[in-house]
Amino acid sequence: MLKNFIEELKWRGLLHDVMPGTEELLLKESVSGYVGFDPTAKSLTIGNLVTVMLLVHFQKSGHKPIALVGGATGMIGDPSFKNEERKFLSDEDVRFNMECIKKQLEHFLDFDENNANNAEIVNNYDWFKDISFLQFLRDVGKHLTINYMCAKDSVKKRLESGLSFTEFSYQLLQGYDFYHLNKTKNIKIQMGGSDQWGNITSGTELIRRKSGNEAYALTCPLLTKSDGTKFGKSEGQNIWLDPDLTSPYKFYQFWLNSSDEEALKNIKIFTTFEREHIENLEKEHLENPHLRILQKELAKDITCRVHSVDDYNQAIEASELLFGKGTFESLSRLNEKTIINIFEGVPQSIITRDIIENSINIVDFLVDKTNVFPSKGEARRMIKSNAVSINKNRTEEDKIVNKDDLINNKYIIVQKGKKNYHLVICE
RNA sequence: GGGGGGAUACCAGAGCGGUCAAAUGGGACAGACUGUAAAUCUGUUGGCGAUGCCUUCGGAGGUUCGAAUCCUCCUCCCCCCA
C-alpha cells in the first residue's frame, strides 16, 4: 500500500536533492514528514504551492504529512540566499498570517482523523515560547559549530554584506524544530525547496548529535520560468491563493497563459494526475496544439482545488466572453448580473453619470476619470499603437465617449492590449 | 592613517561645458504573425494645454550667458598601500 514516493517525485520533476537512505526508509514503512511555511504574508503564493504538493504526494504515497507553520521562526526571518536583512513582522501579524495559512493548507491535505496517515498542522511557537535563551544556548547552540553554520551556501552570500546574529541563528531554530518533531512525533524527514537544504541539514545534524537518531531530507527544485525569471509572478505581481489578493479569474488566466513548455512542466508539478493521463494529454496537445489542452487542464485542476468549481466555471465563462468571439452586440445582450460576475476580479472604476452625459474625450476619460493609464502621454501612445479598445472596438485618439457607448446604460468595457480589461461603471 | 575610483532613467552602462530628456544592451509594455503558446520582426519606455514649456543624472551650495559634465562641502559604495 506504500507507493514509491521518490519515484513519483522524480518523474514529476519535483526532486532536487535527497539524502542517502531516504528512499529505502520510505519503502520500508509509513513515515511522518514535514514541510515548513513562514507566515510572512496572510496568504500562500503559487510558489509555496510547490512544497504543498510535496506533502500532497507524500500523503498519497501512504505517509503522514505535517505542515509546520512558523509562528516562532517567522518572527526571526530566514536569511537563506536573501540579499539583505529583513524587517520584523509584528506579533499580531504573524499570528494572523498563521491562521490564514492554516486555512489554506486545509484545502489540499486530508485531515480526517479516521485515516492513519491524516495530515496535521503544528506551530513551532508552541515549543519555542517556553524555552529561555540560556537554555537554548546550552541545549542547542553547543551542538553545532560556527564553522559548520558559516559553511552553508545559504549564509555565505550574507557573510560579505552583513548578517545579524538574529538571522544567523535561524538555522538553529529550524534545526531545533526538526529535532523536536523527531523526538516528540517521530518525524523522520523534512522536505522543502532547494534553498532550504542548508537549514534542513542543520536539523539532521542536530538530531544525529543530540539523540543519535537517523533523520532524512529531501528538496524540490525552485521553480523558474523557462526564461529564467522568477516563477509565479504576473506583471510583477505575485499570484496568491487568497481570492481577495488574486481573483479566481486572474488566477485561472495565469495558468491558462502558460507557454507549452511550462504547461507541460507544471501539470506534472501542480496536479495529481496519473502519469499515463498526463502523457495522453501531452499527446493530444501535440496533435492539436491550438486547442491548448495542457493549459486548460492545468488551469482547471488548480483553480478548482484552490478556489472552487463555481469559481472555475465563472472564470471560464468570463474568459470565453472576453477572449472569444465577444463583440459589442454580444456584450450588449448580457444582463447586469452576468456582467458583474464576469468582471469580478477585473480592475474597475466608478464615474458619475454626468461625465458621460456631457461627452468626454477618450484621453481625458482614460486618464483623469478612470486611471486606466497613469499619464496622457502613455494613453495617446497606446491608442496610436492600436492597443486600446472600447467595448471591443479599436479606438482612435479623437474618439468622444458619450452615452451611446454605455452597455446596459451603465458599463463601458475598456481593453488595454489583448489581455487587460478594465470595467468602467457609470453611476 | 595614506592614496585612488565611483554614485546617471526599472537594471546594467556610455556621456565629462552648449547640438542631452541623456547613446547602447537587458527588462517591461504594445503592435504584426499565431494557438490568450514559442520564436521572429516593429514600435514605445520623464510629465504637460506639446515645432514649445516644466521636472530629472547621490544630497546641498557655487562658478558660468549656459552644468549630468567645472569648483566646495556632505552622504554612501568600491579598490590599493599601511
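Numbers restart at 1 for each chain; the letters A, B, ... are given by sequence-line order, proteins then strands.
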Are A/Tyr176 and A/Tyr179 an aromatic pair, judged by ring center distance below 6.0 Å?
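Yes; A/Tyr176 has its ring centre under 6.0 Å from that of A/Tyr179.
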Grab the [atom1]-[atom2] distance between [X] and [N] for me, whole Å please.
X: A/Leu366; N: B/rC29; atom1: CG; atom2: C1'; value: 16 Å
X: A/Leu321; N: B/rU36; atom1: CG; atom2: C1'; value: 15 Å
X: A/Phe323; N: B/rA37; atom1: CZ; atom2: C1'; value: 14 Å
X: A/Lys418; N: B/rG35; atom1: NZ; atom2: P; value: 11 Å
X: A/Tyr249; N: B/rU36; atom1: OH; atom2: P; value: 13 Å
X: A/Lys384; N: B/rU45; atom1: NZ; atom2: P; value: 11 Å
X: A/Leu256; N: B/rU36; atom1: CG; atom2: C1'; value: 6 Å
X: A/Phe373; N: B/rG47; atom1: CZ; atom2: P; value: 13 Å

When we call it a touch if two heavy atoms are under 4.0 Å apart, what does A/Asn386 touch: a base, just sugar-phosphate, or nothing?
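Sugar-phosphate contact only - A/Asn386 comes under 4.0 Å of backbone atoms but never of a base.
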Using modelled atom types only, decide if a donor and an acceptor are shared between the side chain of A/Asn280 and the backbone of A/His277 within a distance under 3.5 Å.
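Side chain of A/Asn280 to backbone of A/His277, a donor-acceptor pair under 3.5 Å: no, none is there.
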Flag, side chain of A/Asn117 to backbone of A/Gln59, donor-acceptor distance under 3.5 Å
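Yes.
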Should we count CD of A/Gln135 as having more than 12 external heavy atoms under 6.0 Å?
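Buried by this count: over 12 neighbours within 6.0 Å.
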Count the heavy atoms belonging to other residues, nucleotides or ligands that lie under 6.0 Å from NZ of A/Lys300, then report whether that count exceeds 12.
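Counting other residues, nucleotides and ligands, NZ of A/Lys300 stays at 12 neighbours or fewer.
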Do the side-chain N and O atoms of [X] and [Y] include a donor-acceptor pair separated by under 3.5 angstrom?
X: A/Tyr34; Y: A/Glu120; value: no
X: A/Ser308; Y: A/Asp310; value: no
X: A/Asn335; Y: A/Thr338; value: yes
X: A/Asn124; Y: A/Gln174; value: no

Can you figure out which of [options] approaches the side chain of [X] most closely?
X: A/Arg381; options: B/rC29, B/rG31, B/rG47; value: B/rG47
X: A/Asp260; options: B/rG35, B/rA38, B/rU36; value: B/rG35
X: A/Ser259; options: B/rA37, B/rG31, B/rA30; value: B/rA37
X: A/Ser385; options: B/rG47, B/rU36, B/rA30; value: B/rA30

Any side-chain heavy atom of [X] sitting closer than 4.5 Å to one from [Y]?
X: A/Asp311; Y: A/Phe251; answer: no
X: A/Thr40; Y: A/Asn97; answer: no
X: A/Thr51; Y: A/Cys220; answer: yes

Quick one: the dot-bracket string of RNA chain B, using Watson-Crick and G-U wobble pairs with both distances under 3.5 Å, [ ] for crossing pairs and | for bases paired to another strand.
((((((((.[[[..)..(.....]]]((((((.......))))))(((...)))...[[[[[..)....]]]]]))))))).
Salt bridge between A/Glu205 and A/Arg209, side-chain N to carboxylate O under 4.0 Å?
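Yes, this pair counts.
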B/rA37, OP1 or OP2 - any side-chain N/O from A/Lys419 closer than 4.0 Å?
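Affirmative; the distance criterion is met.
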Please tell me if A/Asn420 has a side-chain N or O lying less than 4.0 Å from either OP1 or OP2 of B/rC29.
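Answer is no, no contact under 4.0 Å.
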If the [atom1] atom of [N] is compared with that of [M], how far apart are they to the nearest Å?
N: B/rA7; M: B/rU69; atom1: P; result: 11 Å
N: B/rG4; M: B/rA12; atom1: P; result: 27 Å
N: B/rA21; M: B/rG52; atom1: C1'; result: 14 Å
N: B/rC11; M: B/rG27; atom1: C1'; result: 7 Å
N: B/rU56; M: B/rA67; atom1: C1'; result: 13 Å
N: B/rC73; M: B/rC80; atom1: C1'; result: 26 Å
N: B/rC54; M: B/rA50; atom1: P; result: 15 Å
N: B/rC71; M: B/rU63; atom1: C1'; result: 7 Å

Name of the residue among A/Arg380, A/Lys376, A/Lys369 meeting salt bridge (Lys or Arg N to Asp or Glu O under 4.0 Å) with A/Asp364:
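Testing each of A/Arg380, A/Lys376, A/Lys369 against A/Asp364, the sole residue satisfying salt bridge (Lys or Arg N to Asp or Glu O under 4.0 Å) is A/Lys376.
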Any N/O pairs under 3.5 Å between the protein and nucleotides 39-41 of chain B? List them or say none.
none

Please step through side-chain hydrogen bond (donor to acceptor under 3.5 Å, both in side chains) for the pair A/Asp260 and A/Gln295, ending with a clear verdict.
CA-CA 7 Å; A/Asp260 290 4; A/Gln295 282 91 339; 3.1 Å; yes
Excluding sequence neighbours, so at least two apart, what forms side-chain hydrogen bond (donor to acceptor under 3.5 Å, both in side chains) with A/Asp405?
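By the side-chain hydrogen bond (donor to acceptor under 3.5 Å, both in side chains) rule, A/Asp405 matches A/Lys399.
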Distance-minimising heavy-atom pair for A/Met98 and A/Asn123:
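Closest approach of A/Met98 to A/Asn123: CE-ND2, 3.0 Å.
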Of all the heavy-atom pairs spanning A/Lys152 and A/Gln171, show the shortest one and how long it is.
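What the structure gives for the nearest pair is CE-OE1, 3.5 Å.
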Are there any protein N/O atoms within less than 3.5 Å of an N/O atom in nucleotides 48-50 of chain B, and if so, which ones and at what distance?
from, atom 1, to, atom 2, distance (Å)
B/rC48, OP1, A/Lys376, N, 2.7
B/rC48, OP2, A/Gly377, N, 3.0
B/rG49, OP1, A/Lys376, NZ, 2.9
B/rA50, N6, A/Arg380, NH1, 3.3

May I ask you to list the residues of residues 275-296 of chain A, by number, that have any heavy atom positioned under 4.0 Å from an atom of RNA chain B?
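Result for residues 275-296 of chain A: A/His285, A/Pro289, A/His290, A/Arg292, A/Gln295, sorted by number.
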Which residue, A/Asn257 or A/Ala387, contacts RNA chain B at a nucleotide closer to its 5' end, judged by nearest heavy atom?
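Its nearest nucleotide lies further toward 5', so the answer is A/Ala387.
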What does the list of N/O pairs under 3.5 Å between the protein and nucleotides 55-57 of chain B look like, with a distance for each?
none

